[in-house]
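Step one of this worksheet: look at the structure below.
Chain letters run A, B, ... following the sequence lines, proteins first, then strands; residues in each count from 1. Worth knowing before you read on, the calculation uses all heavy atoms, side chains too, and leaves out hydrogens, waters and symmetry mates.
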Amino acid sequence: MSGAVEETPFRRIVKDYAGNKIAVLALVVVAVIIFLAVFASLIAPQNPYDLAQLDIMDGRLAPGAVSGAGWTYWLGTDDQGRDMLSGILYGLRISLGVGFGSAATAGVVGSALGLIAAYAGGWLETVIMRLVDLQLSFPAILVALMILAFLGKGVTNVMLALVIVEWARYARTARAAALVERRREYVEAAECLALPQWRILFRHILPNCLPPLIVIGAIQVASAILLEATLSFLGLGVPITEPSLGLLIANGYQYMLSGKYWISFYPGLALLVTIMCLNLVADQLRDVLNPRLQR
Amino acid sequence: MTLWILRRLFQAVLVMLAMTVIVFIGVSVIGDPVEILISPDADQAERLRAIAALGLDKPLWQQYLNFLWGALHGDLGRSFVYNEPALRLIGQRLPATMELAVTAVLLAVLLGIPLGLLAGLYPNSALGRLAMAGSILGFSLPSFWVGLMLIMVFAVQLGWLPSTGRGATVSVLGVPWSFLTLDGLAHMAMPALNLALGNIALVLRLTRSGVRENLPMDYVKFARAKGLSPIRVVFVHVLKNIMIPVVTVLGLQFGSTIAFAVVTESVFAWPGMGKLIIDSINVLDRPVIVAYLMMIVLMFVLINLAVDLLYTVLDPRVRLESAE
């Protein structure tokens, strides 16, 4: 029965991944979260940034309260009378957008620099790797703080800061993988065919360096989302017109002391679930994609 | 060995110089200080005079050298907001941050190592599994949100602990400290725990994997064969070998803890330098931003240096390698 299906690397990876039920669940949750974020405007009961749909009389209602218009605020409302559930769905969109966007950009830039460092060697490698060392000797939050202190807040600046914070780890990983790959025979063969260097680098070496980069990428998406939330909470991240989860939590801070917990609690819960599931997926990917652990 | 230390020192100076260049360029990007310092009513001659007084008419490299010269003499400008030397302002807030960070690292050691030993020695016990699950949570939890939840539970709902501020302090050598009074300790409990959370998880994992790695080794078998008590084997022989990575990571983490105190201090309104920098960024108080950045970069460079040196003392293998 099973002999009929050919064992391709992709099928093996899927099968290995499915071996851990928690990781599968985490992947499903991540997929659901991405779906909710992408289709937030269709799913959310309210557009929290359309002033016409808000009723200031509904401000700071507890979870389960019924709105003036007759429907229920399942997660309560914030000080402006926005439905928290809708706010979280729209916030997820910004958090995930910034997280995936910056992690992907950093991945492209960092991997390219890492590959070039490994392939070119010499002074170019020294310069790139020294920069990586310098970058990684300071914690991400400090580097991001520094950049945002210089550039000011805004979605673009936050993403730029995240890219600058994250490229180094990709570069280090890509270089380490490429150094191993470039000594392989297929690279030698490609060189004998007198293929252009960029082609050998990006068409031959890069695909073989992808597994560790994918794992790093999954971790980096989670840490980018977390860092963006932290920066936004501090008031240095996204502007008030584009509230991410971090900004929603910051918004509820002042109402916390009067016991109105839901304004901060639920966005935080959404953030926690997102990050934890991403981390679990990354963990399982590492186990599955690591050739040393293959049975 | 001496050569190695010298080379390492030279590297540290180089990093420091690179950071001054980055901060200097960054500050030049923030915006024109002339706009902030000179009143909009000033006429052209007055503007030029002020620009000359600030040294902004000189070429950029000379401005940089002036900045460097000032920094070397502890002069990083006066705060626009407090009208005090920026460095003194940072210095005043430093003890509060240090107190918090040191307590957080101590908590990480006192909680992380025993839990890690437990999880390493009994990996299949309920407690061991719980500790590991908790450590994964420790990495995933948004620290600022945990801070808010702590306030909600312990300050708002239960009313056990005060939510913000430093509480009563005692002056020692002219510096106020919170950890010497009961009220101060109560104020410190939540922020310190909040700041320690990530470190506890880290130390726990390091200790656990260290125990798991070391237990099957020959020296442990030998120590057991000698008839030493299991307690002595674990606490003297195994623990000593685990301490090397733990000390290194904790040393490096100390810098991150100080940097991350920015978040904790903002949540608990702890009057340390982290809260000062966030306030300063929001009002564009440039001298304070620069002073904070230079200070923390210096701290990082020194910590990295100290950890490297300490490593050679703790681990003879490193010493032998560098001697070759």
Side-chain angles (χ1 to χ4, degrees), chain A residues 130-131 133-134 136-153 219 222-223 225-236 245-246 248-250 252-253 255-265 267-280 283, chain B residues 11 14-15 18-19 22-23 25-31 136-137 139-149 151-153 155-157 163-164 252-253 255-263 265-267 274-275 277-282 284 286 288-290 292-293 296-297 300-301 303-304:
Chain A
R130 280 291 153 276
L131 271 177
D133 288 343
L134 184 68
L136 291 181
S137 64
F138 295 99
I141 179 105
L142 183 67
V143 177
L145 207 68
M146 196 187 267
I147 294 163
L148 289 173
F150 295 152
L151 298 181
K153 57 174 133 185
I219 298 170
S223 69
I225 292 174
L226 192 53
L227 191 55
E228 182 275 323
T230 306
L231 292 168
S232 296
F233 174 77
L234 292 173
L236 303 173
L245 293 177
L248 292 179
I249 296 169
Y253 180 40
Y255 302 107
M256 196 77 154
L257 294 178
S258 50
K260 297 186 170 52
Y261 68 91
W262 57 89
I263 307 177
S264 283
F265 179 74
L269 204 61
L271 188 61
L272 172 62
V273 170
T274 309
I275 290 164
M276 202 143 97
C277 288
L278 279 170
N279 279 336
L280 285 170
D283 257 11
Chain B
Q11 266 177 21
L14 219 61
V15 169
M19 292 314 283
I22 292 173
V23 169
I25 293 174
V27 167
S28 314
V29 170
I30 290 186
I136 294 172
L137 210 61
F139 283 125
S140 297
L141 281 169
S143 138
F144 62 98
W145 185 67
V146 175
L148 289 181
M149 293 304 119
I151 290 182
M152 196 186 79
V153 173
V156 179
Q157 305 287 342
S163 62
T164 53
L252 292 172
Q253 271 312 107
S256 308
T257 306
I258 289 174
F260 222 83
V262 169
V263 180
E265 286 176 12
S266 295
V267 173
K275 186 151 171 27
I277 178 72
I278 296 297
D279 295 344
S280 301
I281 289 175
N282 282 327
L284 282 183
R286 293 184 2 163
V288 179
I289 300 174
V290 171
Y292 173 83
L293 289 179
I296 204 141
V297 165
F300 258 91
V301 169
I303 288 172
N304 285 345

Problem - Test log, rule side-chain contact (heavy atoms from CB on, under 4.5 Å), inputs B:V262 and A:L234 - result: CA-CA 9 Å; B:V262 169; A:L234 292 173; 3.8 Å; yes
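- Using a 4.5 Å cut-off on side-chain heavy atoms (C-beta onward), B:V297 and A:M146 make contact.
- In this view, A:F138 and B:F300 satisfy the ring pair (Phe, Tyr, Trp, His ring centres under 6.0 Å) rule, not counting sequence neighbours.
- Across every non-hydrogen atom of A:I141 and B:A259, the tightest pair is CG2-CB, 4.2 Å.
- In this structure, the side-chain contact (heavy atoms from CB on, under 4.5 Å) partners of A:V273, at least two apart in sequence or on a different chain, are A:V29, A:I33, A:C277.
- Side-chain contact check for A:L134 versus B:V15: some heavy-atom pair is nearer than 4.5 Å.
- Interface residue A:L269: backbone and side-chain heavy atoms are both found under 4.5 Å from chain B.
- In this structure, chain A has heavy atoms under 4.5 Å from both the backbone and the side chain of B:L148.
- If you measure heavy-atom distances from A:I249 to chain B, the contacts under 4.5 Å come from both the backbone and the side chain.
- Contact between A:F150 and B:I22 at its shortest, heavy atoms only, is CE1-O, 4.2 Å.
- Ranked by heavy-atom pairs under 4.5 Å with chain A, the list B:F144, B:Y292, B:F260 is led by B:F144.
- Within the 3.5 Å criterion, the main-chain N or O of A:L271 finds no donor-acceptor partner in the side chain of B:W145.
- For a residue to count as touching a neighbouring chain, one of its non-hydrogen atoms must lie under 4.5 Å from one of that chain's; by this rule B:I303 does not touch chain A.
- Counting only heavy atoms from C-beta outward, the side chains of A:L145 and B:I278 approach each other to under 4.5 Å.
- Among all heavy-atom pairs drawn from A:L272 and B:S140, the shortest one is CD1-O, 3.9 Å.
- To the nearest 0.5 Å, atom OG of residue A:S264 and atom CE of residue B:M152 are 9.5 Å apart.
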